[in-house]
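First the structure, in the form of structure tokens, and then the observations on it.
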Amino acid sequence: VIFAPTVEEFGGTLNVATVTDFVDGGGNLLVAASSDVSELLRELAAEVGVELDEKNTAVIDHMSFDQRDEGKHTRLAVNPLNLIKSELVVGKRSTSPILFEGVG
């Protein structure tokens, strides 16, 4: 679990290569990012097939934004019917919108 979106280095012997070796060996990895994601986490994401948008950007949706959004349309309210129909992946289906605000 890496919940340090702006980390510049992991420290010790831990680096992008050791983390990707862990994943390639069958390990699980959960990483939190933000619109201010560091180059280190951007490199790690790329190594496992995830491309993060440019620094200080956010996902914009002019159709599915939260009503409390302040005109930027960057706080999304996603209809739960758009989720994959798999309780194993997303849990029990909710009727409430799922809020998202962040980097894509």
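The analysis underlying the following values was restricted to heavy atoms, covering all of them including side chains, and did not include hydrogens, waters or symmetry mates.
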Drop me the distance from [X]'s [atom1] to [Y]'s [atom2], to the nearest 0.5 angstrom.
X	Y	atom1	atom2	answer
Lys55	Thr57	NZ	OG1	11.0 Å
Glu47	Arg42	CD	CZ	14.0 Å
Leu44	Phe10	CG	CZ	5.5 Å
Asp61	Arg75	CG	CZ	14.0 Å
Thr74	Asp66	OG1	CG	10.0 Å

Taking Val16's backbone N and O only, do any of them form a donor-acceptor pair with Thr20's side chain (distance below 3.5 Å, no angle check)?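 Yes; judged by distance alone, with no hydrogens or angles, the pair exists.
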Applying a strict under-4.5 Å side-chain criterion to I, L, V, M, F, W and Y, I'd like to know whether [X] and [Y] cluster together.
X	Y	result
Ile98	Phe65	no
Leu52	Val23	yes
Val103	Ile60	no

Show me the donor-acceptor pairs within less than 3.5 Å that the side chains of residues 27-41 make with the rest of the protein, sequence neighbours left out.
residue, atom, partner, partner atom, Å
Ser34, OG, Asp36, N, 3.1
Ser38, OG, Val7, O, 2.6
Ser38, OG, Leu41, N, 3.2

Plane angle bin for His62 and His73 - parallel if under 30°, tilted between 30 and 60°, otherwise perpendicular: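 Aromatic pair His73/His62 classed perpendicular.
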Show the atom names and distances, to 0.1 Å, of all donor-acceptor pairs under 3.5 Å that link a side chain in residues 80-87 to residues at least two apart or in another chain.
residue, atom, partner, partner atom, Å
Ser86, OG, Val89, N, 3.4
Glu87, OE2, Lys92, NZ, 3.4

Criterion side chain to side chain contact (heavy atoms under 4.5 Å, CB included) on Arg68 and Leu99, from CA distance to verdict: CA-CA 11 Å; Arg68 294 169 293 185; Leu99 295 178; 3.7 Å; yes
